[in-house]
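Please read the structure below before turning to the comments.
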Amino acid sequence: MTTDSWKPDYHCHTTFSDGVLDVPALVARAHEKGVTSLAITDHDTIAGLAHARPLCAELGMELITGIELSCQWQGLNIHVVGLAFDDSHPVIVAMEEDLYRRREERAKTIAQRLEKAGFPGLLEKAKAQAGQGQIGRPHFARAMVEAGFVKDMTVAFKKHLGAGKPGDVKAEWPEFPEAIGWIKAAGGIAVLAHPDKYKLTRSKLLKLIESFVAAGGEAVEVVGPQLDPNFQGSLVKTCEKYALKGSLGSDFHNPCPWSELGRLKPLPSALQPVWAHWRTN
């Protein structure tokens, strides 16, 4: 359960991946919104943690180590949030290097395909958009807008970067066992991120959760932005069946009405909270 004096948010993004706020701005906003326990979960990188630690300490906020890993499961791109791991562990250091290499290779392929489609010179522009963060398709979309190739990011994805388009490059992301193994080796807990976003049938979602559990996954995000109550109720029952902990997070990327830091309903009381992994009270 959460209280007015203790408010967690264990899923959000900064400019180190695909968020629009840098670490200082995100930490400040989280504090402003009353968040007292925060995990920054940038995609496939922990680069923001070193920047966030002194800021959270100064504001009296608890910072939980976090990352959102891209994984493969039966040909689908599934996300796993890792929480409360030792970010100095050799496995984590090697993991981040490996994921950086995969994203760089994917970015080169995206740039090559877009150039063949008539949009040259986008790799360096996309890297500039990414800054210190991990490069991805949103950065290419912004680069296309900057270069005057498209009107806005929506058009960039609809015509050139979305599913089935030239810039839709499937990366060789790790399978569940490898990604979850990294998190567990460093003492963390693996959380299945936003299960409602995969648009799976109930039977397919059950298979996904069974595979997640078999690989060592221990928790599921059951509270998030705009989560359908019926879906949540069914998800909670499934978590109870497999003795999975419950987690929660805003999946904040930018200030907007539907996804705000700390604006979360309480965790259902039927589930053991994910923070039981690291909290004793």
message: Using a 6.0 Å distance limit plus a 45 degree cone around the ring axis, check whether Arg279 lies over the aromatic ring of Trp6.
response: yes

field: Cluster overlap Ile46 with Val80, hydrophobic side-chain contacts below 4.5 Å
entry: yes

- request: Let me see the working for Ile183 and Leu69 under side-chain contact (heavy atoms from CB on, under 4.5 Å), right down to the final yes or no.
  value: CA-CA 10 Å; Ile183 297 166; Leu69 296 174; 3.7 Å; yes

- prompt: Under 3.5 Å, is there a donor-acceptor pair linking the side chains of Asp251 and His13?
  reply: yes

task: Could you grab the distance from atom NZ of Lys207 to atom CZ of Arg202, nearest 0.5 Å is fine?
output: 13.5 Å

Heavy-atom pair of closest approach, residues Ala215 and Phe176: CB-CB, 3.9 Å

- prompt: With a 4.5 Å limit on heavy-atom distance, are the side chains of Phe252 and Val35 in contact?
  reply: no

- request: Please report the C-alpha distance between Leu83 and Val274 in whole Å, then the side-chain angles of each, then the deciding distance to 0.1 Å, and finally whether the side-chain contact (heavy atoms from CB on, under 4.5 Å) criterion is met.
  value: CA-CA 9 Å; Leu83 296 174; Val274 68; 4.1 Å; yes

query: Is there a salt bridge (charged side-chain N to carboxylate O under 4.0 Å, His left out) between Glu104 and Lys108 once you walk through the steps?
result: CA-CA 6 Å; Glu104 283 291 299; Lys108 290 176 184 177; 5.6 Å; no

message: Tell me if a side-chain donor or acceptor on Arg137 pairs with a main-chain N or O of Leu161 at a distance below 3.5 Å.
response: yes

- prompt: Which ring-ring contact (aromatic ring centres under 6.0 Å, His included) pairs, counting each pair once, include a residue from residues 98-126, with sequence neighbours left out?
  reply: Phe119-Phe149, Phe119-His160

- request: Report yes or no: does Arg106 contribute a side-chain atom to a donor-acceptor pair with the main-chain N or O of Val169 at less than 3.5 Å?
  value: yes

- prompt: When you check the side-chain N and O atoms of Ser37 and Tyr10, is any donor under 3.5 Å from an acceptor?
  reply: yes

- request: Please check if any side-chain donor atom of His194 sits under 3.5 Å from a side-chain acceptor atom of Glu68, or the reverse.
  value: yes

task: Quick one: pull up CG in Leu227 and CD in Gln232 and give me the separation to the nearest 0.5 Å.
output: 5.0 Å

field: Shortest non-hydrogen separation from Phe212 to Ala190 and the atoms involved
entry: CZ-O, 3.4 Å

Contact check, side chains of Leu264 and Lys7, non-hydrogen atoms, under 4.5 Å: no

message: Measuring only between side-chain heavy atoms, which start at C-beta, is Ile64 closer than 4.5 Å to Phe85?
response: no

task: Could you give me the CA-CA distance, side-chain angles and deciding distance for Leu21 and Thr15, then say whether side-chain contact (heavy atoms from CB on, under 4.5 Å) is met?
output: CA-CA 6 Å; Leu21 300 184; Thr15 51; 5.8 Å; no

- prompt: Would you call Val27 and Met61 a side-chain contact if the rule is heavy atoms closer than 4.5 Å?
  reply: yes

- line: Output for pair (Met153 CE, Lys158 NZ), nearest 0.5 Å, gives 15.5 Å

task: Group every Ile, Leu, Val, Met, Phe, Trp and Tyr by side-chain heavy-atom contacts under 4.5 Å, then state whether Val223 and Leu261 land in the same group.
output: no

message: Under a plain distance cut-off of 3.5 Å, with no hydrogens placed, do Asp42 and Thr14 share a side-chain donor-acceptor pair?
response: yes

- prompt: Tell me, do Val81 and Glu221 make a side-chain contact under 4.5 Å, heavy atoms counted?
  reply: yes

query: Where do Gly188 and Glu218 come nearest, in terms of heavy atoms and distance?
result: O-OE2, 4.3 Å

- request: Look only at the side chain of Arg113 and the backbone of Gly167, and say whether a donor-acceptor pair between them is shorter than 3.5 Å.
  value: no

query: How long is the gap from CZ on Arg29 to CG on Leu26, to the nearest 0.5 Å?
result: 9.0 Å

message: Between Trp173 and Trp73, is the ring centroid distance below 6.0 Å?
response: no

Contact summary for Ala39 and Cys12, nearest pair of heavy atoms: O-SG, 3.4 Å

task: For atom NZ of Lys159, decide whether the heavy atoms of other residues, nucleotides or ligands shown that lie under 6.0 angstrom number more than 12.
output: no

query: Between Asp87 and Thr65, does any side-chain donor sit less than 3.5 Å from a side-chain acceptor?
result: no

message: Do Leu76 and Tyr198 land in one hydrophobic cluster if side-chain heavy atoms of ILVMFWY residues count as linked below 4.5 Å?
response: yes

task: Give a yes or no on whether Phe140 and Phe16 share a hydrophobic cluster (residues Ile, Leu, Val, Met, Phe, Trp, Tyr; joining criterion: side-chain heavy atoms under 4.5 Å apart).
output: no

- request: Would you confirm whether His139, through its side chain, and Gly136, through its main-chain N or O, come within 3.5 Å as a donor-acceptor pair?
  value: yes

- request: May I ask you to test the Asp18-His253 pair for a side-chain heavy-atom distance under 4.5 Å?
  value: yes

message: So does Ser250 get a backbone contact from the side chain of Ser259, meaning a donor-acceptor N/O pair under 3.5 Å?
response: yes

Spacing of CD1 belonging to Ile78 relative to CD belonging to Glu175, to within rounding of 0.5 Å: 10.5 Å

For a quick test of your reading: what N or O donor-acceptor pairs under 3.5 Å do the side chains of residues 237-249 make, sequence neighbours left out?
| residue | atom | partner | partner atom | Å |
| --- | --- | --- | --- | --- |
| Thr238 | OG1 | Ser234 | O | 3.1 |
| Tyr242 | OH | Glu210 | OE2 | 2.7 |

task: Would you name the heavy atoms of Gly187 and His277 that are closest together and state the gap between them?
output: O-NE2, 3.2 Å

query: Measuring from Ile110:CD1 to Leu123:CG, what's the distance to the nearest 0.5 Å?
result: 9.5 Å

query: Would you say Trp275 and Leu49 are hydrophobically clustered, going by side-chain heavy atoms of ILVMFWY under 4.5 Å?
result: yes

message: Tell me if a side-chain donor or acceptor on Arg102 pairs with a main-chain N or O of Glu172 at a distance below 3.5 Å.
response: yes

Donor-acceptor side-chain pairing of Gln74 and Lys204 below 3.5 angstrom: yes

query: Without hydrogens or angle criteria, can the side chains of Thr45 and Glu96 be said to hold a donor-acceptor pair below 3.5 Å?
result: yes

message: I'd like to check Pro24 versus Leu55 (side-chain heavy atoms, cut-off strictly below 4.5 Å). Are they in contact?
response: yes

task: Report yes or no: does Asp168 contribute a side-chain atom to a donor-acceptor pair with the main-chain N or O of Gly164 at less than 3.5 Å?
output: yes

- prompt: Does some side-chain heavy atom of Val93 sit less than 4.5 Å from a side-chain heavy atom of Pro90?
  reply: no

- request: Go through the steps to decide whether His79 and Ser70 satisfy the test side-chain contact (heavy atoms from CB on, under 4.5 Å), and finish with yes or no.
  value: CA-CA 5 Å; His79 290 175; Ser70 302; 3.9 Å; yes

- request: Salt-bridge test for Glu105 and Arg101: reply yes if a basic N is under 4.0 Å from a carboxylate O, no otherwise.
  value: yes

statement: Heavy-atom closest pair (Pro174 atom, Leu99 atom, distance to 0.1 Å) is CD-CD2, 4.2 Å

